[in-house]
K.L.:
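Here it is, the structure, as structure tokens.
Remember, predicted model here, so these are calculated numbers, not experimental data. Computed from heavy atoms alone, side chains included, the values below leave out hydrogens, waters and symmetry copies.
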Amino acid sequence: MPVCRPLGQGIYEVRTDLTHNRIARVLFYIDRKGRMVLLHGFLKKTQKTPAEDLALARRNKEKHEGGLQ
């Protein structure tokens, strides 16, 4: 699996392996000013990115985009 992958709607996931067989994920997007905006981070417990975590990242992206106007 790549270190970084797209999840759709401009959101990407970057992963890292931690000690004790834990896996951390950070969801982010690149805003129109070219900045990487970290939307949500969590410890992953399943193969698939949980829908709740992705929904939270999408809401945070909308909030951030709304503040740029």
K.L.:
Quick check: closest heavy atoms across K61 and G10, and the distance to 0.1 Å?
P.N.:
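So the minimum-distance heavy-atom pair works out to NZ-CA, 4.3 Å.
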K.L.:
Answer yes or no: does atom CZ of F42 have more than 12 heavy-atom neighbours from other residues, nucleotides or ligands under 6.0 Å?
P.N.:
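Count over threshold, so yes.
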K.L.:
Any link between V3 and I23 through a network of hydrophobic side chains (Ile, Leu, Val, Met, Phe, Trp, Tyr) touching at under 4.5 Å?
P.N.:
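No, no single cluster joins them.
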K.L.:
Heavy-atom distance under 4.5 Å between the side chains of R58 and Q9, does that happen here?
P.N.:
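A side-chain contact under 4.5 Å exists here.
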K.L.:
For H64 and D31, work out which heavy atoms get closest and say how close.
P.N.:
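Result for this residue pair: CE1-OD2, 3.4 Å.
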K.L.:
As an exercise, state the distance from CD of E13 to NE2 of H40, rounded to the nearest 0.5 Å.
P.N.:
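E13 CD to H40 NE2: 10.5 Å, rounded to 0.5 Å.
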K.L.:
Under 4.5 Å between side-chain heavy atoms, hopping through other hydrophobics if needed: is there a path connecting V14 to L43?
P.N.:
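Cluster IDs for V14 and L43 differ.
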K.L.:
Are I30 and L38 connected in the hydrophobic side-chain network, where two residues link if heavy atoms are under 4.5 Å apart?
P.N.:
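Yes, I30 connects to L38 through the hydrophobic network.
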K.L.:
Using the rule that two of Ile, Leu, Val, Met, Phe, Trp, Tyr join whenever any of their side-chain heavy atoms come within less than 4.5 Å, decide whether V37 and I11 are in one cluster.
P.N.:
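Yes: a chain of side-chain contacts under 4.5 Å links V37 to I11.
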K.L.:
Working to the nearest 0.5 angstrom, can you tell me the gap between R35 CZ and Y29 OH?
P.N.:
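That separation rounds to 8.0 Å.
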K.L.:
Run the side chain to side chain contact (heavy atoms under 4.5 Å, CB included) test on T49 and K44 for me, step by step, so that the C-alpha distance in whole Å, both residues' side-chain angles and the decisive distance to 0.1 Å come before the verdict.
P.N.:
CA-CA 7 Å; T49 300; K44 195 165 179 182; 3.7 Å; yes
